[in-house]
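Shown next, in structure tokens, is the structure this report addresses.
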Protein chains: 2
Amino acid sequence: MHLRQLRSLVALVDHGFSVSRAAEYLHLVQPAVSQHLRSLESTLGTPLFQRHGKRLVGLTDAGAQVLRHARSMLAEAASIVAVGRDHVEEARGVLRMGTTHTQARYVLPSVVQQFCTAYPEVEVQIHQGTPAELVEMALADRVDLAICTEAIGEHPALLTLPCYRWNRSLIATPGHPVLHRRPISLGVLCEYPLITYVAGFTGRTSLSQTFAKVGLHPKVVLSAADADVIKTYVRAGMGVGIIADLAFEEDLDADLERRSISHLFPWEVTRLAYPKNKYVRRFQQRFIELFQQQANRIG
Amino acid sequence: MHLRQLRSLVALVDHGFSVSRAAEYLHLVQPAVSQHLRSLESTLGTPLFQRHGKRLVGLTDAGAQVLRHARSMLAEAASIVAVGRDHVEEARGVLRMGTTHTQARYVLPSVVQQFCTAYPEVEVQIHQGTPAELVEMALADRVDLAICTEAIGEHPALLTLPCYRWNRSLIATPGHPVLHRRPISLGVLCEYPLITYVAGFTGRTSLSQTFAKVGLHPKVVLSAADADVIKTYVRAGMGVGIIADLAFEEDLDADLERRSISHLFPWEVTRLAYPKNKYVRRFQQRFIELFQQQANRIG
DNA sequence: CGTTCTTACGTGTGTCGTAACGATC
DNA sequence: GATCGTTACGACACACGTAAGAACG
């Protein structure tokens, strides 16, 4: 069995079972890939593909199992070359992080700035996505690490590091009646049109659950993936905003009033995750440390 | 990077950094292995070995990291060929289990018998060892599955299935004074010389802890790895035995008296474990099912 | 002086690319 | 007939084994 054969297998599956496209992706010609696949089948002694005539259209049972192990082997192989690179050019390479808007906009800037100063030769990429997408990106090795609050919880193939906890603030235009209410309760919040994060982002799931648990139904008139958008609509007078504490910037948001409402909702934990078994390069480790330092300042 | 190179790396480490012995193990000549190692180093671009002159004597930092990933790649490779074999000759192969004496002697016989009838073409190997050794054997792929009570708990690379719970019985020669004591307490047990399992075997650890927790120090005059030996010395009048319930055989042990003492000690859980990510062949799965059925009859 | 690894070289296997053929939509 | 995969063949590379040489104890 050769790694090349496994690469062809994986490429085939990842390119809709088109041998030609797989070959193109691998910078090979079709016959080469065909041969890889056939010789893989013959060394294993069992068919791996479902065929319609000559065309490959799917995996057999055996093929699917082989695929799983093949992916994991190739990931290990990638880790090995990463070890090499790490010792050859310690401070050169790419750091691909996946994160949500909230992190990218309010938490990461100072960390990234520090990091880029320390490692000017490292290309930093920030990929955005929903938490669910981020998990998938990390597992498919499209990013090196994922940072987010939801969905990242307990995937068995991910190593997750809790970084900091946060809660929510209410924001409103000065003079808004909600600002005179004491104490602010879940019930009070339900009296006003609310603007907050969309489902799946930045703790929205547990926010909704908190209301649901006591049988309340807040009037969320608008939801957005990020606090900037939420603030904009709050400024426009469309309602009361609920955003993460750390998304409120004293200087830039001086035209908005803010009240902490941490007593109403569970604390959220933002986590950093990367695939177990994956080799984390030193500068990537360094980034993680920087992020955790920043996190300590927040939490 | 080639799998052959990784095999050479692993063989080298597993054979005391002797290239010749590694080559012999791999059915290759030395120069071939030397070349594997050198070309691996050169493709990774960084030294993997500590050298004394020409002699390889250890791994560098990078080498150690590469080794870890290499082992795991080769394990995956083995899984892939196992998938193949499983589809080619479903009912032929080897089932290597590692277990302790207690399991091998009192629990497994009926399971193994059933299994051998169902799969006459499968060679069943029973390797014995201490629980700690068994865990290591499973991780090093020297056995396919490990069955034991201690130490198997929470190794992150092992998948463990709880199978049945058990507790202990006291055994003594007929007429022994302990048999007239009611109720039997931990204190009562401390009045007599005890014979039980050695540390690390068959729940001995938690047995000792139970005594220690209430400040008692039982007089263990003799300890053995298995119940057969314990019974022998009980018969010889050396003391009172404490063994697993299931190690008492009504017919063969009719010359001994038995009292359940499950109320004194925590219940133990016997588990079956194998490395995560490892492909488990169908007949191995079948064995696991048979074992669990047997386990249900016990627990 | 034996052991151990390296270097040098020849041979055979195998992998890839080109090119022509066959099938399927 | 255009696309897609297979078969056939040749060139090149490479990995292994043999044999001889160098360092180490």
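Chain A is the first sequence line, chain B the second, and so forth, proteins listed ahead of strands; every chain is numbered from 1. Because the structure is a prediction, the values reported are computed rather than measured.
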By side-chain hydrogen bond (donor to acceptor under 3.5 Å, both in side chains) - contacts of A/Arg204 (at least two apart):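 So A/Arg204 forms a side-chain hydrogen bond (donor to acceptor under 3.5 Å, both in side chains) with A/Ser208.
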By side-chain hydrogen bond (donor to acceptor under 3.5 Å, both in side chains) - contacts of A/Ser42 (at least two apart): none
Once salt bridge (charged side-chain N to carboxylate O under 4.0 Å, His left out) is applied, do any residues pair with [X], and if so which ones, sequence neighbours excluded?
X: B/Arg286; value: B/Glu289
X: A/Arg71; value: A/Asp14
X: B/Glu90; value: B/Arg282

Helical bend (five base pairs per end, nearest 10°) for the helix from C/dC1-D/dG25 to C/dC25-D/dG1: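 It works out to 30° between the end axes.
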Stretch residues 37-51 of chain B: residues that reach within less than 4.0 Å of DNA chain D through a heavy atom: none
Within residues 35-56 of chain A or reaching into it, pairs that qualify as salt bridge (charged side-chain N to carboxylate O under 4.0 Å, His left out) - sequence neighbours excluded: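 Found A/Glu41-A/Arg51.
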Sugar-phosphate only, base, or nothing, as touched by A/Leu28 at under 4.0 Å among non-hydrogen atoms: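 Result for A/Leu28 = sugar-phosphate.
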Within residues 118-131 of chain B or reaching into it, pairs that qualify as side chain to side chain donor-acceptor pair (under 3.5 Å) - sequence neighbours excluded: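 As it turns out, the side chain to side chain donor-acceptor pair (under 3.5 Å) pairs with a partner in residues 118-131 of chain B, which skip direct neighbours, are B/Arg92-B/Glu121, B/Glu123-B/Gln125, B/Gln125-B/His127.
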Nearest-0.5 Å distance, CD of residue A/Gln103 to CD1 of residue A/Ile126: 11.0 Å
Can you give me the N/O atom pairs linking the protein to nucleotides 23-25 of chain C at distances under 3.5 Å, or say none if there are none?
none

Interface with DNA chain C, restricted to residues 6-24 of chain B and to heavy atoms under 4.0 Å: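 Here the set is B/Phe17, B/Ser18, B/Val19, B/Ser20.
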Summary of ring-ring contact (aromatic ring centres under 6.0 Å, His included) pairs that have at least one residue in residues 50-92 of chain B, sequence neighbours excluded: none
